[in-house]
J.: 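Have a look at this one.
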Amino acid sequence: MTLRTSEHMAFLRQSEIRNMTIECTKVRGINLAQGVCDTELPEPVRLGAAEAMAQGTNIYTRYDGLGELRRAIARKVERDNGAHVDPEAEVVVTSGATGAFYAACLALFDPGDAVVLFEPYYGYHVDTLRALSLTPSLVQLQAPNWSFAPEQLRAAIGPKTRAIVINTPGNPSGKVFSRSELEGIAEIARAHDLYVITDEIYEYFLYDGHEHVSFASLPGMRERTVTVGGFSKTFSITGWRIGYLLASSELCYKIGHAHDLVYVCAPAPLQIGVARGLDALPPSFYEELKTEYTRKREKLCSALERAGISPHVPSGAYYVLADSRRISGNTPKERALSLLERSGVAAVPGSAFFEGGRGDDLLRFSYAKRESELDEACRRLDSFRP
Ligand code: GLN
């Protein structure tokens, strides 16, 4: 047989995030690798979806999603993101934030175009670009604050560059881009006439008084911005695949059709569940998320500190990058496996988020876990001897 598979896609491996989940299951460990977010989902979300299914919302939706959800998203955006969007034309409901990002890249760019990303990056962003024959161009954020100089960003832009990708709060660094950093990016995007795709899925996971600034709310940025968001994390429904994007009506039309091509639509009854959640949950729900996750962050970071796996304490999202140098093993993967074997706690090798060996001394831990499981993970870290 001479059948072969795509040479172009040969770069794509099972993500290290999923690999570690598989390794973790083998030893029945505690999975702090994949940001699975297996906490309880809010009741209005669960009941809303069940009711919608029972009442017959089970067929294709419009290519850009159900009106009830688009309107609920527009109200949320007005309330929390400082922007007014038309639910009839400027919102597309997507198959998760990942589907939104893929559809946006499919609709906006041509093979050979370049896109700027900040490192550490979320691997799915980079692999999506590669799948579409786009070239990722990296700007290295400097620990401990994950800061960057505007000159670094300018230097990453070449004649083929079409866009800058922002992820705030960021996976895996937990960086929350400040308003002035975003203003700096806006100035550069304007000067080089670039799109900005901003993945804001962790917008409600903020600590130490950090403020979430939506890039599209900056003066003059709306027309060049595609905002990507979703409900996986906020409502603990990572498997539902309900996300969205916001952009100008022209872009929504094009990106919406690209999304239709790949996904047709996001699951119909689950869209209703999310809409009901958005309408029913009071501001205190979002405040409590912050309190809960601040507590979980402290718990995990102190356990890591005690175990000699020194954490970079995040400002947002729910991941911690931590120093793995005291753990035995020659490669980042060996260190992740050694930690798993000796403590029963799974983390992702830092190499999954960096190029050129820059993350080799790091491991990424997620604390989007039920309290009891996180407690058990911390106990295991306490008795771990590197
Ligand atoms: N966003 C989650 C993480 O970074 C899940 C990723 C995935 O499994 N695709 O862990």
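All values below were derived from every heavy atom in this structure, side-chain atoms included, with hydrogens, water molecules and symmetry-related copies excluded.
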J.: Is any NZ, NE, NH1 or NH2 atom of the basic residue among E90 and R222 found under 4.0 Å from an Asp or Glu carboxylate oxygen of the other?
T.: yes
J.: Output the distance between atom CD (E334) and atom CG (L339), rounded to the nearest 0.5 Å.
T.: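 Nearest 0.5 Å value for the CD-CG distance: 13.5 Å.
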J.: In terms of ring plane angle, is the pair Y286 and Y204 parallel, tilted or perpendicular, where the classes change at 30° and 60°?
T.: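 Aromatic pair Y286/Y204 classed tilted.
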J.: Does E298 form a salt bridge (charged side-chain N to carboxylate O under 4.0 Å, His left out) with R295? I'd like the steps, not just the answer.
T.: CA-CA 5 Å; E298 302 314 331; R295 188 175 64 241; over 6 Å; no
J.: Does Y195 use its side chain to pair, donor to acceptor, with the backbone of R162 at less than 3.5 Å?
T.: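 Not at all, since once roles are kept as given, no pair shorter than 3.5 Å links the two residues.
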J.: Would you find a donor on one side and an acceptor on the other, under 3.5 Å apart, between the side chain of E181 and the backbone of S178?
T.: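 Such a contact is found between E181 side chain and S178 backbone.
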J.: Within the 4.5 Å heavy-atom criterion, are T168 and F215 side-chain neighbours or not?
T.: no
J.: Could you tell me whether the side chain of S214 and the main chain of S217 form a donor-acceptor pair under 3.5 Å?
T.: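 Looks like no, no N/O pair under 3.5 Å.
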J.: Any ion pair linking R46 and E40 (charged N to carboxylate O, less than 4.0 Å)?
T.: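 Judged by the 4.0 Å cut-off on N to carboxylate O distance, E40 and R46 do not form a salt bridge.
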J.: Distance-only, no hydrogens or angles: does the R335 side chain make a donor-acceptor pair with backbone N or O of G329 under 3.5 Å?
T.: yes
J.: Got a donor-acceptor contact below 3.5 angstrom from the N19 side chain to the T21 backbone?
T.: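 Absent.
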J.: Considering non-hydrogen atoms only, spot the tightest contact between F148 and Q140 and give its length.
T.: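 Result for this residue pair: CB-O, 4.5 Å.
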J.: R276 and side-chain hydrogen bond (donor to acceptor under 3.5 Å, both in side chains): which single residue from E68, Q271, E43 fits?
T.: E68
J.: Measure up the Y367 and Y318 rings against each other and bin them: parallel (under 30°), tilted (30 to 60°), perpendicular (over 60°).
T.: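 Judged by the thresholds at 30° and 60°, the geometry between Y367 and Y318 is perpendicular.
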J.: In terms of the angle between their ring planes, are F231 and F235 parallel, tilted or perpendicular, with boundaries placed at 30° and 60°?
T.: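 If you compare the ring of F231 with that of F235, the planes turn out parallel.
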J.: So, do P169 and L206 sit near enough that their side-chain heavy atoms are less than 4.5 Å apart?
T.: yes
J.: If only atom types and distance count, is the side chain of K296 paired as donor or acceptor with the main-chain N or O of K369 below 3.5 Å?
T.: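 Checked: pair present.
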J.: I need the minimum non-hydrogen distance between S95 and H259, along with the two atoms involved.
T.: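 Distance-wise, the nearest heavy atoms are N-NE2, 2.8 Å.
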J.: Answer yes or no: does atom CD of E187 have more than 12 heavy-atom neighbours from other residues, nucleotides or ligands under 6.0 Å?
T.: no
J.: Side chain of K175, backbone of W146: donor and acceptor closer than 3.5 Å?
T.: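 Checking the backbone N and O of W146 against the side chain of K175, a donor-acceptor pair under 3.5 Å is found.
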J.: Any side-chain heavy atom of I164 within less than 4.5 Å of one from L117?
T.: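 Answer no - side chains too far apart.
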